[in-house]
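The figures here come from the full heavy-atom set of this structure, side chains too, leaving out hydrogens, waters and symmetry mates. The first residue of the sequence shown is numbered 1, and numbering continues consecutively from there.
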Amino acid sequence: MIQWEAVTHNTSNAPVTVPYYFIYGAVIPDPDPTQQVFLGYATGTTFRHMGVGLPGTNVQSPRVFFYTITAVVWYPPRSGKNPLDRLIGLSREEVSREIELY
């Protein structure tokens, strides 16, 4: 389980309400966007990375994992299935390209 402080202001210091936080992960520190994988999203300030740190011989999680949390003010189309689920596993660079299409 990871958690972070809520983003309350944008880069211009104006108040903002953040509907989504995108969670990216990598097995190396300070990765570039092509090395970060989209793990999922949260609408609050916590995220459970399923499978990481579990005991057992059938789980091969990395010993060290690095996360990047990005506040995203984006309102996807309300029709159909939430498109965010189809982004899981894409690189951060690919996710950026995909959400610009909406």
Point to revise | Test side-chain contact (heavy atoms from CB on, under 4.5 Å) applied to Thr8 and Val16, step by step | key: CA-CA 5 Å; Thr8 58; Val16 66; 5.9 Å; no

Review point. Would Phe22 and Tyr41 count as a ring pair (Phe, Tyr, Trp, His ring centres under 6.0 Å) if you check the C-alpha gap in whole Å, the side-chain angles of each, and the deciding distance to 0.1 Å?
Key: CA-CA 5 Å; Phe22 283 11; Tyr41 63 95; 7.0 Å; no

Practice item. Start with the C-alpha distance between Arg92 and Thr34, add both sets of side-chain angles, then the distance that settles side-chain contact (heavy atoms from CB on, under 4.5 Å), and finish with yes or no. Key: CA-CA 6 Å; Arg92 184 174 178 180; Thr34 61; over 6 Å; no

**Study point:** Thr43 and Tyr21: CA distance, side-chain angles, deciding distance, side-chain contact (heavy atoms from CB on, under 4.5 Å) verdict
**Key:** CA-CA 6 Å; Thr43 56; Tyr21 292 92; over 6 Å; no

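With values rounded to the nearest 0.5 angstrom, His49 atom NE2 is found 8.5 Å from Ile2 atom CD1. In this structure, Ile88 CD1 and Phe38 CZ are separated by 6.0 Å, a value rounded to the nearest 0.5 Å.
Proximity of Phe65 to Val27: side-chain heavy atoms (C-beta onward) are separated by under 4.5 Å at one or more points. In this structure the side chain of Val95 reaches within 4.5 angstrom of the side chain of Tyr24, judged on heavy atoms.
Taking each heavy atom of Ile23 and Tyr67 in turn, the nearest pair found is CG2-CD2, 4.1 Å. Here the closest non-hydrogen pair linking Ala26 and Gln35 is CB-O, 3.5 Å. Heavy-atom minimum distance, Val7 versus Ala71: CG2-CB, 3.7 Å. Listed here is the closest heavy atom pair of Glu5 and Thr45: C-CG2, 4.3 Å.
Checking side-chain atoms of Gln36 against main-chain N and O of Pro31 turns up a donor-acceptor pair under 3.5 Å.
Under a hydrophobic clustering in which Ile, Leu, Val, Met, Phe, Trp and Tyr are joined whenever their side-chain heavy atoms come within less than 4.5 Å, directly or via other members, Val72 and Val37 fall into different clusters.
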